[in-house]
Amino acid sequence: MPELPEVETTRRGIAPHVLNQTIKKVIVRNPRLRWPITNNLAVILHKQKIKKITRRGKYLLLHCDKGFLIIHLGMSGKLSIVENKLMARKHDHCELIFSHGKILRFNDPRRFGAILWTEAHPHQHPLLKNLGVEPLLKNFHKNYLYQQIQNKNVTIKQLIMDGKIVVGVGNIYASEALFLAKILPTRAAQTLSLQECDRLVAAIKKVLTRAIKAGGTTLKDFLQANGKPGYFSQKLLVYQREATPCLDCGNPIQNIKLAQRATYYCFSCQK
DNA sequence: ACATTGACCTGGGAGC
DNA sequence: TGCTCCCAGGTCAATG
């Protein structure tokens, strides 16, 4: 489900409700996520305050008094703020109950998500330490991408989805960015020119920024922390638009599989 | 070092 | 209605 814009939307949605709040109680109904939730999470988090919430790629980092809670939403994870005593529904695996009464609830049908505790700096955590650059920062630029594609024979779509190179670009935004940059997703990464890298970097920054502004993309079940869908779905140019007219040239949008993932593009606009 | 594939899960929709 | 099959926003681990 969630790519960088959806995770960032979630971060912004929950922050006002949990910042500077103290955890009163923790409920773990099912610890079996991608990695098990540590069995002493409730003891660890008791009376800790959330000082800050940051994001690294698709990971949310809750800075607590004594360490960090690392949360990944996987494919179907959602965080929401529960204001009243709403009954827990199916797949509500974990919740943090704060002393002011609000609840941060983690729901994840497929359980590909993760909730991990670490006392070391999270950027040193094994899952985070080898991550590539943040796409919206200045160190993601044409020369960096051009350097990274050298001798890489994977397709350019696979390469921009590789978190060791650049974080946060998932299956939706990879197709969208390549359309904006007028580059075929099937091109071998190493065949891109510096100029094409320039266009692609700009396109990735543009599509991610726009998607954050729209509150992310809801295909079927992504919801913001306030329960509303993300509105970027309405602005998708190629994703899930198979056989409909390209919005630039009118030719039908193509849908192929690349590395087992649905990939959408315009055969006429993209070279 | 690089590239490919399977694996982890549940739920929804299509087709019969 | 019910069964089977395929698909889904991620990414790690194993293999060649």
Side-chain angles (χ1 to χ4, degrees), chain A residues 1-10 29-37 55-60 70-79 89-94 106-116 125-132 135 147-178 185-191 204 207-208 211-212 214-224 229-242 255-264:
Chain A
M1 171 223 337
E3 304 182 35
L4 186 149
E6 291 73 39
V7 177
E8 178 61 20
T9 296
T10 299
R29 296 192 183 81
N30 184 356
R32 307 189 53 142
L33 302 182
R34 169 116 199 218
W35 291 279
I37 300 177
R55 180 190 53 72
R56 175 76 175 106
K58 298 173 189 168
Y59 292 91
L60 281 173
I70 301 174
I71 301 179
H72 196 287
L73 300 177
M75 285 279 258
S76 58
K78 285 172 287 290
L79 283 173
R89 316 268 294 256
K90 206 171 181 183
H91 310 304
D92 285 340
H93 304 309
C94 181
F106 179 83
N107 177 287
D108 186 7
R110 294 179 73 180
R111 292 191 279 117
F112 289 169
I115 300 178
L116 303 165
H125 190 279
L127 290 173
L128 280 77
K129 67 180 180 195
N130 293 319
L131 291 179
Q147 180 195 339
Q148 291 298 318
I149 65 174
Q150 298 310 315
N151 304 314
K152 298 287 173 64
N153 206 29
V154 288
T155 66
I156 188 60
K157 177 175 180 248
Q158 286 169 272
L159 185 127
I160 60 174
M161 289 175 67
D162 182 348
K164 290 189 288 303
I165 299 195
V166 57
V167 293
V169 181
N171 203 39
I172 298 177
Y173 300 114
S175 282
E176 293 296 310
L178 286 160
T186 49
R187 289 267 301 278
Q190 59 193 345
T191 66
I204 289 170
V207 72
L208 294 179
I212 291 170
T217 297
T218 297
L219 291 184
K220 44 190 298 191
D221 57 9
F222 171 72
L223 295 177
Q224 303 185 45
Y231 299 103
F232 197 72
S233 333
Q234 300 164 18
K235 306 200 173 171
L236 293 175
L237 302 174
V238 291
Y239 195 83
Q240 287 196 343
R241 294 197 62 248
E242 179 184 9
N255 173 15
I256 59 169
K257 286 267 188 215
L258 273 188
Q260 340 253 41
R261 313 297 301 275
T263 303
Y264 299 85

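Everything numeric in this text was worked out from a predicted model, so none of it was measured. Residue numbering restarts at 1 for every chain, and letters A, B, ... go by the order of the sequence lines. Only heavy atoms go into these numbers, but all of them, side chains included; no hydrogens, no water, no symmetry mates.
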Worksheet item: C:dG9 C1' sits how many Å from A:Ile160 CD1, rounded?
Response: 15 Å
Worksheet, complete the sentence: Output row for DNA chain C, stems defined as at least 3 consecutive Watson-Crick or G-U pairs under 3.5 Å, is B:2-8 with C:10-16, B:10-16 with C:2-8
Worksheet item: Are the ring of A:Phe112 and the base ring of B:dC8 both nearer than 5.5 Å at their centres and tilted by less than 30°?
Response: yes
Worksheet entry | Under 4.0 angstrom between A:Lys220 side-chain N/O and C:dA8 OP1 or OP2 | no
Practice prompt. Please step through side-chain contact (heavy atoms from CB on, under 4.5 Å) for the pair A:Tyr239 and A:Thr217, ending with a clear verdict.
Written response: CA-CA 11 Å; A:Tyr239 195 83; A:Thr217 297; over 6 Å; no
Worksheet item: What distance, rounded to whole Å, do you find between the two P atoms, one in B:dC9 and one in C:dC3?
Response: 24 Å
Worksheet item: Mapping A:His72 and A:Arg110 to their closest nucleotides on DNA chain C, which lands nearer the 5' end?
Response: A:Arg110
Fill in: Proximity to DNA chain C (any heavy atom under 4.0 Å), residues of residues 255-263 of chain A only
A:Lys257, A:Arg261, A:Ala262
Item to complete: Specify the separation, in whole Å, of atom CD of A:Glu3 and atom C1' of C:dT11.
Response: 13 Å
Response to the item:
Here the distance between atom P of B:dC9 and atom CG of A:Asp108, to the nearest Å, is 12 Å
Worksheet item: Under a 4.5 Å cut-off applied to non-hydrogen side-chain atoms, are A:Leu127 and A:Trp35 in contact?
Response: yes
Worksheet entry | side-chain N/O A:Asn153 vs B:dA3 OP1/OP2, d < 4.0 Å | no
Response to the item:
From the candidates B:dC9, C:dG9, C:dT11, the one with an atom nearest any side-chain atom of A:Glu6 is C:dG9
Worksheet item: Side-chain N or O of A:His91 less than 4.0 angstrom from OP1 or OP2 on B:dC9?
Response: no
Discussion item. For a 4.5 angstrom cut-off between non-hydrogen side-chain atoms, does A:Thr10 reach A:Ile71?
Written reply: no
Worksheet item: Mind checking whether A:Pro5 and A:Tyr173 have side chains closer than 4.5 Å, heavy atoms only?
Response: yes
Worksheet item: On a whole-Å scale, what distance lies between the C1' atoms belonging to C:dG9 and B:dA3?
Response: 24 Å
Worksheet item: Quick one: does A:Asp162's side chain get under 4.5 Å of A:Val154's, heavy atoms only?
Response: no
Practice prompt. Considering just the side-chain nitrogens and oxygens of A:Arg34, establish if one lies under 4.0 Å of OP1 or OP2 belonging to C:dT11.
Written response: no
Discussion item. Does C:dG10 have its OP1 or OP2 closer than 4.0 Å to a side-chain nitrogen or oxygen of A:Tyr59?
Written reply: no
Item to complete: Please check the phosphate of B:dG11 (OP1 and OP2 only) for any side-chain N or O of A:Lys90 closer than 4.0 Å.
Response: yes
Worksheet item: Checking side-chain contact (heavy atoms from CB on, under 4.5 Å) for the pair A:Tyr59/A:Val167: CA distance, chi angles, key distance, verdict?
Response: CA-CA 10 Å; A:Tyr59 292 91; A:Val167 293; over 6 Å; no
Discussion item. Output the rounded distance in Å from NZ (A:Lys157) to P (C:dG10).
Written reply: 9 Å
